[in-house]
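Structure record follows, encoded as structure tokens.
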Amino acid sequence: MISRWLVKLVLGIALLGFLVVELGSPLVTRATLDGQTHQAAEDAAHEMFQSHDQNKARAIADQDAQDDHAKLETFDIDEQGTVRVTLSKQAKSYVLHNFQPTRDWYNVRVSASATPK
């Protein structure tokens, strides 16, 4: 009788843990990617201020993205010198990324902007 109860408890805890990881992964990825995106925008803006070279600034943002295992989706510098960066990253999923209704949850995109200082 105790062994059945223990098996149910262990399975319940395992299922709950799996759901926390599966559903929490996009949230954790978005939070970390937000910081990485802001850092890439700030580094690119700093490079733009130092060198006034858009290609170097883009290369800095791209390198920051690669260092964080993300992809530089968009990079733009407006006429005021504001750098706008969008990074994307695939959140970890074991099951839900295979279903069409939940697939986009795991394709995380974050944008940020920074001005040269």
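Note that the structure is predicted; figures quoted are calculated from it, not measured. Sequential numbering from 1 along the given sequence is applied to the chain's residues.
The distance from the CD atom of E42 to the CD1 atom of I60 is 13.5 Å, given to the nearest 0.5 Å. The distance from atom CG of N55 to atom CG of D62, rounded to the nearest 0.5 Å, is 12.0 Å. In this structure, D43 CG and H38 NE2 are separated by 12.5 Å, a value rounded to the nearest 0.5 Å. Separating the CD atom in Q50 from the NZ atom in K56 is a distance of 10.5 Å, to the nearest 0.5 Å.
The minimum heavy-atom distance linking S111 with T37 is given by the pair C-CG2, 3.8 Å. The nearest pair of heavy atoms linking Q39 to D64 is O-OD2, 3.7 Å. Between I77 and Q54 the shortest heavy-atom distance is CD1-CG, 3.6 Å. Across all their heavy atoms, P116 and A45 have their closest contact at CB-O, 3.6 Å. Across A91 and P26, no two heavy atoms sit closer than the pair CB-CA, 3.9 Å. Taking all atoms of both residues into account, the shortest heavy-atom contact from A61 to A44 is CB-CB, 4.1 Å.
Both F75 and M48 are members of a single hydrophobic cluster when ILVMFWY side chains are connected at heavy-atom separations under 4.5 Å. Placement of I13 and W5 within a single hydrophobic cluster is found when ILVMFWY residues are connected by side-chain heavy-atom separations under 4.5 Å, directly or transitively. By the criterion of side-chain heavy atoms lying less than 4.5 angstrom apart, applied directly or through intervening Ile, Leu, Val, Met, Phe, Trp or Tyr residues, Y106 is grouped together with F18 in one hydrophobic cluster. Tracing side-chain contacts under 4.5 Å through hydrophobic residues (I, L, V, M, F, W, Y), one reaches V21 starting from W105; they form part of the same cluster.
F49 CZ: 12 or fewer foreign heavy atoms inside a 6.0 Å radius.
Judged by distance alone, the side chains of Q80 and T115 never bring a donor and an acceptor atom under 3.5 Å apart.
Residue L87 is tested with L72, T74, D68 for a side-chain contact (heavy atoms from CB on, under 4.5 Å); the sole match is L72.
In this structure, S25 contributes its side chain and K92 its backbone to a donor-acceptor pair below 3.5 Å.
Residues forming a side chain to side chain contact (heavy atoms under 4.5 Å, CB included) with S113 (at least two apart in sequence, or on another chain): T82, R84.
Counting heavy atoms from C-beta outward, K89 and K71 have side chains that stay 4.5 Å or more apart. You'll find the side chain of L15 stays beyond 4.5 Å of the side chain of L11, heavy atoms only. Residues R109 and T86 meet the side-chain proximity criterion, which asks for heavy atoms closer than 4.5 Å. Using a 4.5 Å cut-off on side-chain heavy atoms (C-beta onward), N107 and D104 make contact.
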